[in-house]
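These numbers were taken from a predicted model, which means no experiment stands behind them. Both backbone and side-chain heavy atoms feed into the values below; hydrogens, waters and symmetry mates do not. Residue numbers begin at 1 in each chain, while the letters A, B, ... track the order of the sequences.
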Number of protein chains: 2
Amino acid sequence: MTATLDQRIRGDISARIHSGEWPPGTRIPYETELAAHYGCARATVSKAMETLARAGLIERRRKAGSFVARPHSQSAVLEVPDLASVAAAKGETYRWQRNRLAALAAGEAPDIAGIAGAALAVEGVHFADDLPFAIEERWISLAAVPGCADEDFTGTAPGTWLLGHVPWTHARHRIRAVAASAAEARRLAIRPGTACLSLERWTWRARDYVTYVRQLFPGDRHDLIADFDPS
Amino acid sequence: MTATLDQRIRGDISARIHSGEWPPGTRIPYETELAAHYGCARATVSKAMETLARAGLIERRRKAGSFVARPHSQSAVLEVPDLASVAAAKGETYRWQRNRLAALAAGEAPDIAGIAGAALAVEGVHFADDLPFAIEERWISLAAVPGCADEDFTGTAPGTWLLGHVPWTHARHRIRAVAASAAEARRLAIRPGTACLSLERWTWRARDYVTYVRQLFPGDRHDLIADFDPS
DNA sequence: CAGTGGTCTAGACCACCTT
DNA sequence: AGGTGGTCTAGACCACTGT
């Protein structure tokens, strides 16, 4: 029940903001004033304010003070977990089936993958309870991940393997709705033209480009859920 | 060019992690050791470590020390901005057309909206360059947002209005691919069955449930892009 | 029980911005 | 030019947890 002073200050201020008592633009008391009010050191107040600022609730300006921020967008933290974990969470049996594995020379990877040098191409299907629920096409840069040349990705999906072997620093996701092509529909055991969720991801490690992957889910077999609490 | 000591410590450690020099599970030097190494106070080291821990790069355990975390999922911060801003960013002219506005008594809102009491129902279409690119169905809880009873939402879309008037504390998003129904296709000027991106959002303010919205985008007219840097 | 992270203090100096 | 946030210090005590 007893929270830290930091949390208490943060809670008091965010409550005033969320209740509407301090509408956007309101100037929050100066750090020295708050420190006096709570009878604590300014560093403690400062830490609370820094957390609030990083959460986007307030804006801090030197000499002027701190102000209640005006919200500009709805954000969400989208978790894109391993497909194996997704199936496990639903109590379904998971299976990965690799179809294609090919070492490509420089320039052979498609433009969308963004790999100029040599690459490894992997294709396969993710099954939950023996029903295909995603097809995956992936290209891995051999320059960035030399170790993957020794893998055949029959046992573990490349995503799982990469997650454990290559620390990544930046990722870009693109989410779209597309109609399944004839070839895609056959592998997913659905009718051509079925609405599917397309998830593409480009991954970097520092400045090195690591991998591009495209996963295609039948619309009725997968969705993305994202919860978001500022703070 | 000269960064703060906090940033330098953080950068040194994350570089060692990302380079693979400290693989997952490695114990990071104790805070006292790092403080001695950098010739600074332990509080400075502690702040850097706290930031790294919140970014998910390390795990801290009392008495044991801090360890390089093992990544378990690919996260992404998905920005879901106002559709007006999206169109503006692309240099397109934006227009909102409200079709339906109805005050509903308790129990009349559909189950999916999750509103037990009285509600306001709003439907409309978002246009970019006079081409419909999203239809929107929304229900707003009148208990949580009494002020919206005076709005007719002809000039501003309800999302824009709510963003400026109701501070929210929690949101849940659900993203799916669906085929457009006949009615939806007509309003979007596409063929029935076209793959569309369905974005649903439930929004809370503290414990009060505020609004449910469903937006439907033709797959070829909209996609979601999310960039993510830990840190 | 010993030692780690977690929190806080009272003070200091600086960079920057508004007036 | 003055006052704000931004950073850092040297010390302290506490809570938790692994041995």
Inset, instruction - Report the distance from atom CZ of B:Arg8 to atom P of D:dG6, rounded to the nearest whole Å. - result: 22 Å
Legend entry - Side-chain N or O of A:Arg60 closer than 4.0 Å to phosphate OP1/OP2 of D:dG6: yes
Legend entry - Presence of salt bridge, A:Arg42 and A:Glu33, under 4.0 angstrom: no
Inset, instruction - Identify whether the distance between the nearest side-chain nitrogen and carboxylate oxygen of B:Glu200 and B:Arg176 falls below 4.0 Å. - result: yes
Inset, instruction - Nearest whole angstrom, please: distance from the P of D:dT7 to the CG of B:Asp6. - result: 7 Å
Inset, instruction - Select one nucleotide: of C:dA15, D:dC8, C:dT18, the one nearest the side-chain heavy atoms of A:Arg61. - result: C:dT18
Inset, instruction - Tell me which nucleotide among C:dT9, D:dG5, D:dA15 gets nearest to the side chain of B:Arg62. - result: D:dA15
Legend entry - B:His37, NE2: over 12 other non-hydrogen atoms inside 6.0 angstrom: no
Legend entry - Separation of atom CD in B:Glu31 from atom P in C:dC8, rounded to whole Å: 15 Å
Inset, instruction - Return no unless some side-chain N or O of A:Thr32 is found under 4.0 Å from OP1 or OP2 of D:dT4. - result: no
Legend entry - Nucleotide C:dG3, atom C1' - distance to CD of B:Glu33 in whole Å: 12 Å
Legend entry - Distance, rounded to the nearest Å, where B:Arg42 contributes CZ and C:dT4 contributes P: 10 Å
Legend entry - B:Ala43 side-chain proximity, nearest of D:dA10, D:dC8, D:dG2: D:dA10
Inset, instruction - Round to a whole Å and report the spacing from CD1 of A:Ile58 to P of D:dG5. - result: 9 Å
Inset, instruction - Look at the side-chain N and O atoms of B:Thr4 and state whether any lies under 4.0 Å from the OP1 or OP2 oxygen of D:dG6. - result: no
Legend entry - Between P of C:dT9 and OH of A:Tyr38, the distance in whole Å: 13 Å
Inset, instruction - Can you measure from CD (A:Glu136) to CG (A:Leu216) and round to the nearest 0.5 angstrom? - result: 11.5 Å
Legend entry - Other residues, nucleotides, ligands: >12 heavy atoms within 6.0 Å of B:Asp152 CG: yes
Legend entry - Whole-Å distance separating the NZ atom of A:Lys63 from the P atom of D:dA1: 13 Å
Legend entry - First encountered from the 5' end of DNA chain C, between B:Tyr30 and A:Leu5: B:Tyr30
